[in-house]
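Just below is one structure, and these are the notes that go with it.
Only a predicted model underlies this, so the values are computations on that prediction, with no experimental measurement involved. All chains are named by letter (A, B, ...) in the order of the sequence lines, taking the proteins before the strands, and each is independently numbered beginning at 1.
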Amino acid sequence: MWEEEKRDDGVKWQQLEHHGPYFAPPYERLPDHVHFYYNGKPMKLSLATEEIATFYAKMLDHEYTTKDIFQNNFFNDWIKEMTPEERKKIRELGKCNFEEIHTYFAEKHEAQKALPKEEKQKLKEEAEKIQEKYGYCIIDGHREKIGNFKTEPPGLFRGRGNHPKMGMLKKRVMPEDVIINCSKDSAIPQPPPGHKWKEVRCDNTVTWLASWTENIQGALKYVMLNPSSKLKGEKDWQKYEVARCLKGVVSKIRSQYRADWKSKDMKIRQRSVALYFIDKLALRAGNEKEEGETADTVGCCSLRVEHISLHPHLDGKENVVEFDFLGKDSIRYYNKVPVEKQVFKNLQLFMKKKNPGDDLFDWLSTSSLNKHLQDLMDGLTAKVFRTYNASITLQEQLEALTNEDDSVPAKLLSYNRANRAVAILCNHQRATPKTFEKSMQNLQAKIDAKKDQLAEAKAELKRVKADHKAKKDVKSKTAVEKKKKMVEKIEEQLAKLNMHATDKEENKQIALGTSKLNYLDPRISVAWCKKFGVPIEKIYNKTQREKFAWAIAMADEDFEF
DNA sequence: TGGCTGACTTGACAGGATCTTC
DNA sequence: GAAGATCCTGTCAAGTCAGCCA
């Protein structure tokens, strides 16, 4: 299935057949006993107004609803959907009371959870039926799983960070909004009764099955295949092959950008410093963004003067650059990095006579950078450096950390540490889990108990040894052997618990999943598992094994990235 | 060259499913 | 078998980058 040949990029498929997206269920009216109150008085709302009110009510215990921008955006959009009478009456969000609606949904949710087993099973079966019909497509004779076959339900927009559009109304997607993509000779999906599609087309140069434009940002949304599909797998493989190509030319590229640090051309000089950051720190490219339309986040090319501070000396190191900015998803990037003298001098030059809000690399854009990279290597773009550096780091760390004689849990700790090094490089963070402190305490209690158990077992061993010394018979000898084994077993368990605790503590605020799924060539992990006798299931769960089926089939223990 | 659009990947997180513990 | 912890999966926002057009 994964023969070593690449698909022609222009043509993606010959046959594509599916049932179209599955639409979010229609809104159901609130029961009569659940009220919305305005200015302390119950008020019956029209269908549309009520539906939007429920979106807000459901989010009442979320931090979003405490934010002014969210409240204002919500209220503005809500008013637009009201009847003229409602609009006349409802003037202030502060006078709206959604509590009863909120409680109603909370109780409904609890009731759903408390449903008897049989009821739950019934619901599960219904969901499976839907999945069976809408969740798969036929592409070039293969039945493949679809990634997201449901349209996004209406609700309030949840932008990340300080998003200026948070709280706006995300409208219901209707069949009339949806473009269907399928092959000409296939059975065209049926729109829901009484509706029609916006368009049905056959474009085999793209991989999506259906698309629509969302109303908040005017962006396109797509129904696409699941990562386990052959099409996605091939693309994934290609991505890592490009990154492996970079391995062959990276030292040449590095020499060149170092030379360019002294270029007389400002464009080249800025480009060379930016590329150095992208390579060394695995920064994202940093496309320009429309001001006021999204949260204020940056990447390398869009860094502003205010995002870095220069320290000739800091913590005993020279030429330190302190980065502090919000990156993708408004995740903070904070790092103090010693750099080469020439880079430091260049940064001083780039910052000269600029205001904090000015672009650091004012002569550089992501497209000019990528054009340059394309000239250096076919298929090379800024993000390839991230993939390359992530994968090579994993490989190097695994090499350095794995001890052949270690137990499987110890090897897994090494693997996680290697994975963690990558996640730190790529700045993949997560919020500390809510239950972290408590579960850490529980784990510590277990460790303490195990220690006691070990001490007891050791004392016991000492006793039977003395007994054997005195008696010197077979029975007492067997007892000694038995106790010895017991002590070993407990020691092993204790070591395992300790490793688990270390792993957990080190992982407190770091997300491993993103790098594992998107940046680490899975063949490195497969090879490592084969080489060190670690079952692949310990590294990849079922879904991940499906996504990386190509790598599992392809890589042997000698694979080198 | 730069703005815009479309296609696709990357990313954090919520909540459901499953496992573990008592 | 209930409760709690952990894992897994889906969701959907937010990036990257190529190609088109003026």
Contact class for [X] vs. all strands (heavy atom < 4.0 Å): base, sugar-phosphate, or nothing?
X         : answer
Tyr222(A) : base
Arg160(A) : base
Lys232(A) : sugar-phosphate
Ala382(A) : sugar-phosphate
Pro153(A) : sugar-phosphate
Lys542(A) : nothing
Thr366(A) : nothing
Ser368(A) : nothing
Gly286(A) : sugar-phosphate
Asn287(A) : base
Lys289(A) : sugar-phosphate
Gly327(A) : sugar-phosphate
Ala431(A) : sugar-phosphate
Lys383(A) : sugar-phosphate

5'-most by nearest nucleotide on DNA chain C - Asn541(A) or Ser330(A):
Asn541(A)
Without decimals, in angstroms, what is the distance between [X] [atom1] and [N] [atom2]?
X         : N       : atom1 : atom2 : answer
His428(A) : dT9(B)  : NE2   : P     : 16 Å
Leu326(A) : dA13(C) : CG    : P     : 19 Å
Lys547(A) : dT10(B) : NZ    : P     : 7 Å
Gln374(A) : dC17(C) : CD    : C1'   : 11 Å
Lys113(A) : dA14(B) : NZ    : C1'   : 13 Å
Glu293(A) : dT5(B)  : CD    : C1'   : 15 Å
Trp363(A) : dG2(B)  : CH2   : C1'   : 15 Å
Leu369(A) : dA18(C) : CG    : C1'   : 15 Å

Rounded to the nearest 0.5 angstrom, the OG1-OH distance for Thr54(A) and Tyr27(A) is 4.5 Å
When you compare the side chains of [X] and [Y], does any donor N or O come within less than 3.5 Å of an acceptor on the partner?
X         : Y         : value
Glu125(A) : Gln121(A) : yes
Asn419(A) : Gln397(A) : no
Ser525(A) : Tyr415(A) : yes
Tyr519(A) : Arg386(A) : yes
Asp279(A) : Asn389(A) : yes
Asp265(A) : Ser263(A) : no

I want to check one thing: is the phosphate of [N], taken as OP1 and OP2, less than 4.0 Å away from some side-chain N or O of [X]?
X         : N       : value
Asn148(A) : dT11(C) : no
Thr207(A) : dA7(B)  : no
Thr514(A) : dA12(B) : yes
Arg284(A) : dG11(B) : yes
Arg158(A) : dA14(C) : no
Thr381(A) : dT16(C) : no

Candidate nucleotides [options], ranked by approach to the side chain of [X] - the nearest:
X         : options                   : value
Leu220(A) : dT9(B), dT16(C), dG6(B)   : dG6(B)
Gln217(A) : dA18(C), dG15(C), dA14(C) : dA14(C)
Lys221(A) : dT10(B), dA13(C), dA12(B) : dA13(C)
Lys328(A) : dA14(C), dC8(B), dG6(B)   : dA14(C)

Aromatic ring centroids of Phe70(A) and Tyr64(A) under 6.0 Å?
yes
Start at the 5' end of DNA chain B and walk down; is the nucleotide closest to Asn427(A) or to His109(A) reached first?
Asn427(A)
Between Arg430(A) and Lys124(A), which residue's closest nucleotide on DNA chain B lies nearer the 5′ terminus?
Arg430(A)
Kindly indicate whether the side chain of Lys235(A) and the base of dT9(B) share any N or O donor-acceptor pair separated by less than 3.5 Å?
no
